[in-house]
Amino acid sequence: PYIQVSDPILNEKYVAQLHRKAGMDDGQHRKRAENNLRMMESWAQCHTVMTADIDRSMTYDLVVRTREDTGFLQALDVKFLISQLNGEGDGDNHASVNEDQDKSERKRVISNGCRYSQGMNDKFAILQRSAADTYFLSPFRAYYTKELHPKVMSSESFIYYTYLAEGLSILRPP
């Protein structure tokens with residue numbers, strides 16, 4: 001089992017840049033930042049489990065990450081989502097597409113947006129196996145090693161700008 005760090009080392013620039021939520025004092029705000037960091041660390045732990053499965057001859061073509069409080073109002077159209085991950089419709093699905101890569105080489109992640117913080121939802125994503133290393137590992141690594149994008153104001157905007165900087169194409173199909 002994964003045991004979370006009780007007192008994580010915070011990136012003070014990240015803490016300072018987070019949007020101040022109404023009614024939260026500085027202590028609550030720091031707790032929010034700690035929880036954001038724990039979330040990113042847990043994604044890295046998920047990656048460790050996934051790669052251990054691969055080492056035991058399991059393979060993944062598609063990876064789905066969901067938080068336990070995620071709900072769906074209707075069934076997912078898996079065929080459509082796979083077609084999007086395979087590059088059909090990059091130009092018409094409100095994507096943040098990595099134009100520097102050939103369409104066939106793009107690493108794609110599907111997630112709905114987060115209008116409030118100009119980011120992407122941190123509760124749910126579907127991705128190609130080729131995008132998994134970047135998806136699961138880059139937020140935790142970037143938290144300590146990369147300069148924050150000036151528009152970071154939440155975990156949702158942090159992961160969004162981190163993924164774009166790492167070359168992922170973020171798809172938001174209808």
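- A donor-acceptor pair under 3.5 Å is absent between the side-chain atoms of N121 and the main chain of N112, judged by distance alone.
- The backbone N or O of P139 lies less than 3.5 Å from no partner atom in the side chain of T162, so there is not a single donor-acceptor pair.
- Residues passing the side chain to side chain contact (heavy atoms under 4.5 Å, CB included) test with H149, sequence neighbours excluded: K151, V152, Y161.
- Between F72 and F124, the angle of the ring planes goes over 60°, which puts this pair in the perpendicular group of the 30/60° scheme.
- Under the 3.5 Å distance criterion, with hydrogens and angles disregarded, no donor-acceptor pair is assigned to the side chains of R32 and N35.
- At least one donor-acceptor pair closer than 3.5 Å links the side chain of T70 to the backbone N or O of K123.
- A salt bridge links R129 with D133: at least one charged nitrogen is closer than 4.0 Å to a carboxylate oxygen.
- Judged purely by atom type and a 3.5 angstrom limit, Q128 uses its side chain to pair as donor or acceptor with the backbone of L85.
- Judged purely by atom type and a 3.5 angstrom limit, R106 has no side-chain atom pairing as donor or acceptor with the backbone of L168.
- A donor atom on one side chain and an acceptor atom on the other are found under 3.5 Å apart for Y14 and N36.
- Side-chain N/O atoms of D122 and S155 include a donor and acceptor closer than 3.5 Å.
- Put simply, the side chain of Y144 gets close to the backbone of I9: a donor and an acceptor are under 3.5 Å apart.
- Under the 4.5 Å side-chain criterion, counting only non-hydrogen atoms from C-beta, R30 is in contact with E12.
- Ion pairing between a basic and an acidic side chain is recognised when a charged N comes within 4.0 Å of a carboxylate O; E34 and K31 show such pairing.
- Between the side chain of S138 and the backbone N or O of Y135, no donor-acceptor pair lies under 3.5 Å.
- Listed for the H29 side chain is a donor-acceptor partner under 3.5 Å among the backbone atoms of V15.
- The side chain to side chain contact (heavy atoms under 4.5 Å, CB included) test applied to S6 returns no partner, not counting sequence neighbours.
- A salt bridge links E166 to K146: one of the charged nitrogens lies within less than 4.0 Å of a carboxylate oxygen.
- Environment of CZ in R67: crowded, with over 12 heavy atoms of neighbouring residues, nucleotides or ligands closer than 6.0 Å.
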